[in-house]
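Below is one structure, written out as structure tokens, with a few remarks after it.
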2 protein chains.
Amino acid sequence: MRSQKPTHRGPRDERGVVAARILSVARASFAAYGYAGTSLRSVGRDADVDPGLVIYYFKDKRGLLDAALVPPPGWTEAIATAAAAPMRLRGAALVRTMIDAWEAPASEEFLRSTILTAAHEPIARQRLATNFAVHILDAVSSRLDDDERLVRASLAASQIVGLAMMRYVWKVGALAAMPSDQAIALVAPAVQRYLNGKLTGLDQ
Amino acid sequence: MRSQKPTHRGPRDERGVVAARILSVARASFAAYGYAGTSLRSVGRDADVDPGLVIYYFKDKRGLLDAALVPPPGWTEAIATAAAAPMRLRGAALVRTMIDAWEAPASEEFLRSTILTAAHEPIARQRLATNFAVHILDAVSSRLDDDERLVRASLAASQIVGLAMMRYVWKVGALAAMPSDQAIALVAPAVQRYLNGKLTGLDQ
DNA sequence: GGCTAAATTCAGCGTATGTTGAAACTACGT
DNA sequence: ACGTAGTTTCAACATACGCTGAATTTAGCC
């Protein structure tokens, strides 16, 4: 009358499948409840695994967060590609890249957990500043050549971020309800103007 | 050798001063560490008050959150005023109203805690959807008269939200470093175009 | 067929949490 | 003076947390 549940231990993990499952659960939980709101016990429960195993793989709760904030493969390249599109189409390319990332489950998990955890955890914020500022802002601004390229990149990013917040994070308003092609078509011109249009208010 | 600290109980609260202090501390903590990361004990400690008193005033931890998410007086009116500005200046008026709110400590506390808590707490998200969508989107869209007014309001809001995230929440990039007048001048034209310019991609 | 190393579980530690119920203090009306 | 209502503190509860150390199972290697 001890344990009726078939507890079978030992190596049955194939190439880190279990670790990947834990990580996926953790990302979802960080995004949904934040860092403090995520417990190793609940992660273990959702991943059908003992909490100790989470720590066995990720060492720490913080280590789990660190792993959750690593961008998925292809992320950097996708941005670089969009930032290198012909100037005429670059605005639309950037917006489309971002929207595609938000609508693919794998990268959506990463984006959501990063953006939402960055709100509360200084570590996540710094990580986002790196992944975001360095990769995105640099990818965009290094492809521009005038004096205001840093400003232009920031402006373009601000519009894309705003779209993501309204459409995917808060899911509020008309932008959240329309098909993605329409959202891209509506927002791309503004981004494009930021990239190579005339800027107001730089001299005063 | 019992208690050397002068414990003085009894009514020394003047017109809810203590409750206001608790609420202010709570807002700051919600914004900094999130809902789960905020403990009644730490709130009490920072407000120089016993944790039980927090519950005496706000009944629940959730009640404390509820109170923290109530907009400060003047908030709704400020948005309505900006949304009613002459059409030519409306974009700039909206952007300036938001930036002013973020730079005034009282409303900054509210905005920050609302936006950041909305990331993790469904209750806060719904509250933000109400305060934000209903008040802002409606204030803006009810002043427009064409068929796409809901879309126009959402687009304008997305640009303003993006600016707020980059400049005040994440503090990343050129938009975070420049004086506020410059940020307004740079972003206002895009908002203005969303309000009464030509929109792309609505028919296909 | 034992050996080893990796994978997994288990029991338990110290600590912090939200909440409660009662107690203590103060100001004020009578 | 006195009681009463409103504030504030205190002690304690059950629970949940992060993390550790040892135990247990399994798969592959000689």
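So you know, we letter chains A, B, ... as the sequences are listed, proteins then strands, and number each from 1.
- Inter-residue side-chain proximity for A:Ile22 and A:Phe58 is flagged as met; some heavy-atom pair is nearer than 4.5 Å.
- Distance A:Asp50 CG to D:dA22 C1': 13 Å, rounded to the nearest Å.
- No side-chain heavy atom of A:Leu163 sits less than 4.5 Å from a side-chain heavy atom of A:Met98.
- Ring-plane geometry between B:Trp75 and B:Phe110 is classed as perpendicular, the angle between the planes exceeding 60 degrees on a 0 to 90 degree scale with a lower cut at 30.
- Residues B:Arg96 and B:Asp181 have side chains in contact (heavy-atom distance under 4.5 Å, counting atoms from C-beta outward).
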Quick one, give me the B/S/- string for nucleotides 12-17 of chain D, reading 5' to 3', where B means a protein heavy atom under 4.0 Å from the base and S means that only happens at the primed atoms, P, OP1 or OP2. B----B

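- Taking the side chain as every heavy atom from C-beta outward, A:Val25 and A:Val49 never approach each other to under 4.5 Å.
- For the pair B:Arg27 and B:Ser24, the minimum side-chain heavy-atom distance is 4.5 Å or more.
- Side-chain proximity of B:Tyr56 to D:dC10, D:dT7, C:dT9: nearest is D:dT7.
- Closest to the A:Ile55 side chain, of the nucleotides D:dT9, D:dC19, C:dC10, is D:dC19.
- We find that CG of A:Leu53 is positioned 15 Å from P of D:dC19, with the value rounded to whole Å.
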